[in-house]
Amino acid sequence: MNKSIKKYLESHGFGQFCPKAVLFDMDGVIYDSMSNHAVSWHEAMKDYGLEMPYSGAYQYEGMRGVETVKLLARQQWERTLSDEEAMEMYKHKSALFAEHCKETPATIMPGIKTLMEQIKASGMKICVVTGSGQHTLLDKLLADFPGLLSEELMVTAFDVTHGKPDPEPYIIGTRKCDVAPWEAIVVENAPLGVRAAHAAHCFTIAVNTGPLPDEMLAREGADLIYPKMTALSEDFPRLRQLVDYPSEYHA
């Protein structure tokens, strides 16, 4: 962990590691919801004649839905969809997702509440940064994490012009938390989300809760990689100790 922090500081030209906020992605990090996304993306795109393998949901996770649809259309149809066309297709995907969630509700990721409670107890802020624009999921966050999450510290598809892998969502997240990049930790599970966090110059922890290899997350700039959320939760006290003594990592 010490080497990872030192490498992060050197690569970004920062002189201090002193996080005051933790920014979480939602799907695959807070909720074990990716299987429903994978199925609904596959079914919805098939209805329009586009191929979206189940693994694609993990590969493109973090992008705004309309941008994912436009990307698939450019790749397979070699044409650019209008915003209206892409939105119609994404709404179909969202409707299928809602149906699948009724059959198999998304569950809270094991270890995430304990981790958030530790973060809150340490005096750090908690922010959710998601490419989702589905109000049902956002409302669910507030209901499932009372006292831990707030609407003011959320960045959704409605807040950004450019979604992940653009750094804008995490830049906005740091602004909402009123912190500098070296004062933020990002927790992600997807390659494009890791790329966005790295580009925003935040210390980026990847929790590999999906089927993609660790190497994909490392290539995108993950500073630390954990196999599951419980492992990160168990390791947080050690990370917190390093936060308490930032002077050790001055350049």
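What you see is a predicted model, and the numbers here were worked out from it, not measured in a lab.
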Measuring centre to centre across the rings, with the benzene-like ring taken for any Trp, is H37 within less than 6.0 Å of H42? no
Give the intermediate values and the outcome of side-chain hydrogen bond (donor to acceptor under 3.5 Å, both in side chains) for residues S4 and D223. CA-CA 6 Å; S4 297; D223 297 293; over 6 Å; no
Determine whether a donor-acceptor pair (N or O, by modelled atom type, separation under 3.5 Å) exists between the side chain of [X] and the backbone of [Y].
| X | Y | answer |
| --- | --- | --- |
| K176 | M154 | yes |
| E168 | H162 | yes |
| K164 | V129 | yes |
| T209 | K228 | no |
| D159 | T156 | yes |
| E85 | S82 | yes |
| T114 | G111 | no |
| R219 | P191 | no |
| N208 | L212 | yes |

With no hydrogens and no angle check, do the side chains of E188 and Y170 hold a donor and an acceptor under 3.5 Å apart? yes
Less than 3.5 Å apart, any donor N or O on the side chain of Y58 or N189 sitting next to an acceptor on the other? no
Identify, with sequence neighbours excluded, every residue that meets side chain to side chain donor-acceptor pair (under 3.5 Å) alongside T174. none
Apply side chain to side chain contact (heavy atoms under 4.5 Å, CB included) to Q76 and list each qualifying residue two or more places apart in sequence or on a separate chain. L50, E51, L72
Just jot down the side chain to side chain contact (heavy atoms under 4.5 Å, CB included) partners of L232, sequence neighbours excluded, or say none. L115, V187, I205, V207, Y226, M229
Flag the pair [X] and [Y] as a salt bridge only when some basic side-chain nitrogen lies within less than 4.0 angstrom of an acidic carboxylate oxygen.
| X | Y | answer |
| --- | --- | --- |
| K91 | E88 | no |
| K120 | E117 | no |
| D166 | R195 | no |

Which of K125, M116, Q118, M124 passes side-chain contact (heavy atoms from CB on, under 4.5 Å) with V22? It is M124
Hydrophobic clusters here meaning ILVMFWY residues chained together by side-chain heavy-atom distances under 4.5 Å, can you tell me if F24 and L217 are in one? no
